[in-house]
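Worksheet: one structure, shown below.
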Amino acid sequence: MGRVAAVILAAGKGTRMRSQLPKVLHKVAGKYLIQHVLDTCKKLLVDKIIIIVGHQGELVQEKIGQGPIYAWQREQLGTGHAVLQAGDFITEDVETVLLVCGDTPLLTADTLQNLLEMHQGQGAAATVLTTCMPDPTGYGRIVRDDRNEVVRIVEQKDATPEELAIQEINSGSYCFNARHLKEALLQIRPDNAQGEYYLTDVIAVFKQQGLKVLAYETEDPEEIAGINSRIQLAQAEAVFRRRINEKLMGQGVTILDPGNTYIEGDVQIAPDTVIYPYTFLQGRTVIGRECEIGPNCTIKDSTIAAGVTVTHSVIVESEIGENCQIGPYSYLRPGTRLGRGVKVGDFVELKKTVVGEGSKIPHLSYIGDAVVGQKVNIGAGTITCNYDGKNKWLTEIEDGAFIGSNSNLVAPVKVERNAYVAAGSTITENVPAGALGVARGRQANIPGWVKEKKKQLEEK
Ligand code: UD1
Ligand code: CA
């Protein structure tokens with residue numbers, strides 16, 4: 001069997017989005033619209049993927065990166081004209097073109113696979129993915145003859161009232177015989193309401209040539225939705241949210257309020273973890289078993305081991321060991337690594353800091369560029385002064401150390417094993433193992449001072 005090339009149309013501006021961004025670079029479920037389509041095509045193991053770029057094409061290329069072939073459509077003269085631009089890359093060895101629009105992120109690989117199999121199995125010139133929509137407004141309609149065969153596709157703007165009543169719509173995904181497609185594209189004309197070269201017109205061309213045109217009708221109109229407006233973008237977001245949350249629940253994750261839990265597609269969560277509302281899990285986040293996450297957490301590109309509790313907190317690019325307790329109101333910035341059983345409490349910010357097993361940073365601290373050992377206790381209000389205005393310096397706090405409240409640790413500095421820092425100290429030199437570091441003014445009490453002061457004020 002000949003090769004399969006996937007062509008993704010992404011040159012349009014997306015006027016109806018009313019945006020500076022090209023339409024296909026709007027995001028849904030944390031991913032560009034076109035990235036969803038591209039990832040789906042990759043699952044099908046097609047031989048090559050060609051993306052047609054045009055409006056802000058450099059930006060699309062930059063965001064999607066290397067891998068696919070980019071073909072340029074300099075002027076956006078319609079979907080038919082767009083496909084024509086792929087011509088050079090649809091080489092002799094390509095038998096089948098799988099065509100999808102860059103604005104249909106909900107399409108599944110299963111559906112496209114079925115479309116491809118039907119097309120190849122029956123040797124059609126074209127197979128159109130269709131569905132019946134209760135409200136078909138905006139889509140091209142599938143016109144069938146009295147033998148129920150597809151004869152053409154008519155766009156909303158060109159349709160007669162009878163055609164507008166047709167509920168079967170063109171999804172914008174198709175399979176084509178490559179050779180027939182290339183020939184038919186040369187025959188279409190922009191003689192329609194929008195003055196564009198419509199890809200959909202090739203269907204009528206095939207019919208006139210007596211070639212076989214099929215429709216693969218899916219039951220699920222939800223998958224087909226093309227995103228043309230912000231309203232449709234929000235609707236797609238809701239569909240993704242439901243798909244992702246239902247998949248996770250199926251895998252044994254408890255989600256209290258799936259409508260208000262925002263998990264991106266690549267996040268992994270082990271069974272018996274509970275996710276509370278208003279939680280955002282993003283990027284390549286991985287969460288272990290029996291965790292309690294939320295409410296009100298954002299966790300991005302982080303790994304959370306089993307048995308961890310996180311409430312009202314933000315964690316970015318960090319690794320959290322088993323049975324840690326985080327929050328409420330903790331902020332863990334990139335490069336934070338917590339060992340087992342660490343407690344990080346309210347209003348604590350950690351950055352590029354490694355914390356050993358069983359250590360506690362319970363409240364009101366900033367610890368950045370630090371290595372903290374095991375069983376360390378860091379008192380409220382401790383700050384690592386890691387930045388001298390030019391460079392960042394390391395603070396080391398060794399196993400068993402105790403940092404008194406409201407201390408400043410001026411880096412580079414080291415508090416050695418089992419040493420203590422007295423509350424209110426500004427530590428600028430290393431504190432040796434087992435020693436007490438005190439660095440603050442001595443207290444002086446002046447007896448009878450208050451009474452004397454009051455007397456002076458009364459005499460005035
Ligand atoms: C298109 C179909 C319609 C179908 C619908 C499904 C045509 C003429 N109509 O309509 O039958 O029901 O999709 O969602 O094909 N694009 C280009 N270059 C252009 C024009 C468009 O690359 O010159 C790209 C767009 O970036 C987009 C895709 O083609 O990704 C579809 O274009 P769009 O304008 O959204 O087509 P629809 O009007 O939705
Ligand atoms: Ca569209």
Side-chain angles (χ1 to χ4, degrees), residues 6-17 19 21-26 32-38 41 50-57 59-60 64 70-86 99-107 126 128-133 135-143 150 152-159 163-164 166-174 176 181 184-185 188-205 215 217-218 221-233 235-236:
V7 174
I8 304 174
L9 299 188
K13 180 166 186 252
T15 313
R16 291 162 280 184
M17 294 300 280
S19 175
L21 273 182
K23 175 163 76 178
V24 294
L25 289 185
H26 282 264
Y32 300 123
L33 294 180
I34 188 174
Q35 187 73 52
H36 284 284
V37 177
L38 181 61
C41 286
I50 303 156
I51 300 182
I52 312 291
V53 292
H55 179 76
Q56 293 194 53
L59 191 63
V60 175
I64 302 306
Y70 294 94
W72 278 83
Q73 185 196 25
R74 300 281 165 190
E75 253 186 305
Q76 282 75 61
L77 302 179
T79 48
H81 178 258
V83 180
L84 206 52
Q85 314 311 309
L99 197 128
V100 284
C101 293
D103 65 351
T104 51
L106 290 157
L107 266 181
V128 187
L129 178 63
T130 74
T131 194
C132 282
M133 292 234 177
D135 176 11
T137 311
Y139 291 94
R141 309 295 206 280
I142 305 295
V143 182
V150 178
R152 60 195 175 89
I153 298 174
V154 60
E155 290 305 296
Q156 165 94 19
K157 287 184 180 154
D158 303 293
E163 287 166 343
L164 287 177
I166 298 172
Q167 287 188 320
E168 189 183 7
I169 60 100
N170 169 24
S171 68
S173 298
Y174 328 71
F176 294 107
L181 174 65
L185 282 173
I188 58 175
R189 293 284 163 261
D191 48 2
N192 52 54
Q194 304 190 79
E196 290 183 0
Y197 293 88
Y198 289 165
L199 171 62
T200 43
D201 284 351
V202 302
I203 300 299
V205 174
E217 188 182 335
T218 76
E222 208 172 68
E223 268 199 52
I224 299 309
I227 311 299
N228 297 317
S229 67
R230 307 267 180 168
I231 293 171
Q232 290 169 331
L233 190 67
Q235 288 165 344

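These figures come from a predicted structure and were not determined experimentally. Residue numbers count from 1 along this sequence. Note that ligands are numbered from 1 as they come in the structure, with each ligand's atoms numbered from 1 the same way. What's counted below: heavy atoms across the whole structure, side chains too, no hydrogens, waters or symmetry copies.
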Gly54 to ligand 1, any heavy atom closer than 4.0 Å: no
Main chain of Leu107, side chain of Glu223: is a donor-acceptor contact present, judged purely on distance under 3.5 Å? no
Quick one: do the Glu217 and Thr130 side chains pair a donor with an acceptor below 3.5 Å? no
Between the side chain of Tyr139 and the main-chain N/O of Gly226, is any donor-acceptor distance below 3.5 Å? yes
Check if Thr200 has a non-hydrogen atom at a distance under 4.0 Å from any atom of ligand 1. yes
Below 4.0 angstrom from a heavy atom of Gln73, which ligand 1 atoms are there? Numbered from 1 as shown, please. 17 (C), 18 (N), 19 (C), 22 (O), 23 (O)
Counting only N and O atoms by type, is there a donor-acceptor contact under 3.5 Å from the side chain of Thr131 to the main-chain atoms of Thr218? yes
Please check if any side-chain donor atom of Arg141 sits under 3.5 Å from a side-chain acceptor atom of Gln167, or the reverse. no
Under a plain distance cut-off of 3.5 Å, with no hydrogens placed, do Lys23 and Asn228 share a side-chain donor-acceptor pair? yes
Any heavy atom of Asn228 under 4.0 Å from ligand 1? The part involved is side chain
From the options Glu155, Lys13, Glu75, Gln194, select the one whose nearest heavy atom is closest to atom 11 (O) of ligand 1. Glu155
For Lys23, take its heavy atoms, then give the atoms of ligand 1 lying under 4.0 Å from any of them. 35 (O)
Find all atoms of ligand 1 within a distance of less than 4.0 Å from any non-hydrogen atom belonging to Tyr198, and give their numbers and elements. 8 (C)
List every atom of ligand 1 that sits less than 4.0 Å from any heavy atom of Gly140, numbering the atoms from 1 in the order shown and giving each element. 3 (C), 4 (C), 11 (O), 12 (O)
Non-hydrogen protein atom less than 4.0 angstrom from atom 13 (O) of ligand 1: no
Heavy atoms only, cut-off 4.0 Å: how does His81 contact ligand 1, side chain, backbone, both, or neither? neither
For Ser229, which residues count as a side chain to side chain contact (heavy atoms under 4.5 Å, CB included) partner, sequence neighbours excluded? Ile231, Gln232
Output the list of atoms in ligand 1 that are nearer than 4.0 Å to some heavy atom of Ser171, sorted by atom number. 6 (C), 14 (O)
Check: His81/Gln73 side-chain N/O donor and acceptor closer than 3.5 Å: yes
If you measure from each non-hydrogen atom of Ala82 to ligand 1, which part falls under 4.0 Å: side chain, backbone, both or neither? side chain
Identify, by atom number and element, the atoms of ligand 1 in contact range of Cys101, meaning under 4.0 Å from any of its heavy atoms. 28 (C), 31 (C)
Just checking, is any N or O donor in the side chain of Tyr174 or Asn170 under 3.5 Å from an acceptor N or O on the other one? yes
Going by chain and residue number, what protein N/O/S atoms come nearer than 3.0 Å to the Ca ion (ligand 2)? Asp103 OD2, Asn228 OD1
For Gly102, atoms of ligand 1 separated by under 4.0 Å from a heavy atom: 30 (O)
Tell me, please: is Ile52 in heavy-atom contact with ligand 1, that is, under 4.0 Å? no
Looking at atom 16 (N) of ligand 1, would you say a protein heavy atom lies below 4.0 Å from it? yes
Does the pair Glu163 and Arg152 meet the rule for a salt bridge (charged side-chain N to carboxylate O under 4.0 Å, His left out), with working shown? CA-CA 11 Å; Glu163 287 166 343; Arg152 60 195 175 89; 2.5 Å; yes
